[in-house]
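For reference, the structure is listed below as structure tokens.
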Amino acid sequence: MIEENEQIQVRKKKLTALKERGVRTYANDFFPLHTAAELHQRFAAATTEELEKREETFSLAGRIMSLRYFGKAAFFHLQDRSGQIQVYVRQGDSPPEAVTLLKESLDVGDLVGVTGPVFRTRTGELTIKATTLRLLSKALRPLPEKWHGLQDVEVRYRQRYLDLIVNPQVRDTFRKRAKLTQLIRQFFIERDFLEVETPIMQSLAGGALAKPFITHHRTLDIDLYLRIAPELFLKRLIVSGVDRVFELGRNFRNEGISTKHNPEYTMLEFYQAYATYEHMMMLTEELLVFLAQELQGGSRLTYGEHEIDLTPPWRRLGMVEAVCEYAGLSAEEIEREDVVRAKARELGVLPYAAAPLGKVIEELFGAVVEPHLIQPTFVVSYPVEVSPLARRNDADPRFVDRFELYIAGRELANAFSELNDPEDQLQRFLEQLREREAGDEEAHALDEDYIRALEYGMPPTAGEGIGIDRLVMLFTNSPSIRDVILFPQMRPEKK
RNA sequence: GGGGCGGUAGCUCAGCAGGUAGAGCAACGGCCUUUUAAGCCGUGGGUCGCGGGUUCGAAUCCCGCCCGCCUCACCA
């Protein structure tokens with residue numbers, strides 16, 4: 001891990017030489033008052049002559065990103081949190097110690113403080129004429145090459161700090177992500193939702209169908225699960241009278257890693273009492289249009305090869321109808337269990353043998369329908385077997401009042417009218433236990449305290465979860481979830 | 001877990017009819033006071049992912065392993 005290549009040695013020598021000359025290395029007494037973007041903005045319209053006349057000096061700090069020497073002068077680009085600006089150092093204009101420092105001790109990658117007035121070069125670039133130049137922190141390792149930058153995706157993910165230094169579009173992605181979560185909070189707070197934080201360590205991993213991570217509490221001497229969803233706690237809060245509640249936080253699922261899955265990911269869940277999943281559809285349309293408007297000023301966006309239009313209302317598609325349409329089954333055939341199972345077998349998506357019919361239909365849906373749902377589509381009417389926490393449909397109790405939102409062939413949100421009948425909820429949990437015994441590892445566990453909470457009375461409520469990482473992927477046109485997670489899960493580096 | 005592709009200098013990449021490793025950038029030395037992929041001259045730098053095997057000889061061929069990306073299956 002501690003490697004000493006030639007370039008590191010050279011940089012260490014430069015640092016040692018400075019110390020020997022009495023220069024304070026790693027100084028912390030330079031305080032910049034300006035940023036690159038600020039100066040660019042302020043002097044965008046100023047002519048060369050106007051700049052010549054001003055005597056104001058500015059101070060900036062940042063990283064040297066490129067360096068061009070020639071003779072007794074040099075140019076470099078300084079990068080701070082706002083962007084880049086060019087700096088000019090010239091014997092005569094800059095003090096001798098600045099020229100010497102640059103020539104003998106500074107490299108691309110070093111962090112420096114600069115002060116001086118601005119001017120425009122012959123080619124018109126706004127530039128700071130350095131009247132002071134100080135090393136603030138030495139980069140002992142060289143930055144990646146200047147034109148191709150850092151390409152190796154493994155290094156980009158493992159050493160994200162480096163990726164962020166050299167790839168501006170990566171910085172933009174994460175700024176956009178921050179903006180997006182900020183806008184989501186604004187959206188829900190404006191609508192009188194309360195933001196809460198519920199337990200991440202839970203003694204029972206409920207609220208979704210997934211495999212959890214297990215950890216151990218020493219003092220209590222019990223195993224705890226990292227949550228797979230905050231759902232059951234948020235609905236306890238609905239019981240308590242909060243009525244409108246949301247949480248933006250991390251979920252953990254012990255499943256595969258892929259371009260769409262990271263073991264820990266960010267989920268938005270929100271619940272509204274005295275509402276149904278129909279209201280959630282409208283709220284979702286509003287939310288995404290709001291986000292699109294604020295993030296990019298319009299409701300159309302490009303994702304890979306697709307042009308996506310978020311203008312509401314969005315298409316609504318029954319799950320069973322969708323499977324019929326895309327799997328080529330008739331309305332009569334989809335009612336016949338043997339035909340449905342045969343189709344699943346044919347497509348190689350039949351889950352474990354004893355899987356209930358609803359589960360098989362859901363599998364078929366994933367295989368034949370999902371990839372076609374490019375424009376925003378609410379898929380509605382889910383089989384009750386795959387939705388143990390959702391309210392049954394009044395007209396057809398084999399189905400629940402639930403939807404999933406698909407955009408760009410990918411599930412983005414899951415919502416339903418909540419099941420608030422404690423007796424039905426208990427029966428659903430018991431059914432899940434039977435399925436667990438029949439081989440479904442992801443069947444929901446029985447949460448007795450949750451039943452008890454429902455027995456105190458939960459208002460009719462609708463709730464929804466939105467995968468934030470996938471939403472960010474959509475708005476930043478990122479092909480992989482790793483592109484929107486700062487430090488994605490990777491295998492540890494071997495020694 | 002299955003399939004495909006990849007790992008060579010600090011970075012980006014060539015080299016793979018087997019004959020002891022190369023370019024550009026970066027580094028080092030020199031020239032150059034408005035450059036911006038600055039330019040010109042010169043120099044150094046590699047356990048060719050790891051371990052075996054075949055061979056007189058392996059970055060190159062074979063086997064195993066490690067790491068990554070893509071893809072399929074489960075999940076959001």
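Chain letters run A, B, ... following the sequence lines, proteins first and then strands; every chain starts at 1. Just so it is clear, the values below take in all heavy atoms, side chains as well, and ignore hydrogens, waters and symmetry mates.
- Residues A:R253 and A:K211 have side chains not in contact (no heavy-atom distance under 4.5 Å, counting atoms from C-beta outward).
- Looking at every heavy atom in both residues, A:A36 comes nearest to A:D80 through N-OD2, 2.8 Å.
- Atom C1' of nucleotide B:U35 and atom CZ of A:R68 are separated by 6 Å, given to the nearest angstrom.
- Cation-pi geometry between A:R402 and A:Y382 is met: under 6.0 angstrom from the ring centre, within 45 degrees of the axis.
- If you check residues 473-484 of chain A against RNA chain B, the residues with a heavy atom closer than 4.0 Å are A:S480, A:I481, A:R482, listed by number.
- In summary, the aromatic rings of A:F119 and A:Y88 are positioned with their centroids under 6.0 Å apart.
- At the heavy-atom level, A:K14 lies under 4.0 Å from the strands shown only through sugar-phosphate atoms.
- Atom OG of A:S387 is separated from atom NE2 of A:H444 by 11.5 Å, given to the nearest 0.5 angstrom.
- Note: A:F252 and A:F213 have perpendicular aromatic rings, judged against thresholds of 30 and 60 degrees for the angle between ring planes.
- Among all heavy-atom pairs drawn from A:G463 and A:Y271, the shortest one is CA-CD2, 3.5 Å.
- Summarising the geometry, the separation between NZ on A:K13 and C1' on B:C28 is reported as 10 Å, rounded to the nearest angstrom.
- Backbone-only engagement by A:E411 is indicated by non-hydrogen atom pairs under 4.0 Å involving sugar-phosphate atoms exclusively.
- Looking at heavy-atom distances under 4.0 Å, A:G71 makes contact with a base.
- Looking at heavy-atom distances under 4.0 Å, A:E442 makes contact with sugar-phosphate atoms alone, never a base.
- At the heavy-atom level, A:K260 lies under 4.0 Å from base atoms of the strands shown.
- Taking 4.5 Å as the limit, every side-chain heavy atom of A:K260 sits out of range of all side-chain heavy atoms of A:I481.
- The shortest distance between the side-chain N/O atoms of A:T127 and the OP1/OP2 oxygens of B:U34 is not below 4.0 Å.
- At the phosphate of B:C11, neither OP1 nor OP2 sits under 4.0 Å from any side-chain N or O atom of A:K146.
- Below the 3.5 angstrom threshold, one finds a donor paired with an acceptor across the side chain of A:E145 and the base of B:G24.
- Proximity of A:L234 to A:V245: side-chain heavy atoms (C-beta onward) are separated by under 4.5 Å at one or more points.
- Within the 4.0 angstrom heavy-atom criterion, no nucleotide atom of any strand lies near A:S66.
- Of the residues in residues 83-99 of chain A, those placing a heavy atom less than 4.0 Å from an atom of RNA chain B are A:Q86, A:Y88, A:R90, A:Q91, in numerical order.
- Across the P atoms, B:G7 and B:C48 are found 14 Å apart, a figure rounded to whole Å.
- Contact annotation: A:R491 reaches the phosphate of B:C67 (side-chain N/O to OP1 or OP2, under 4.0 Å).
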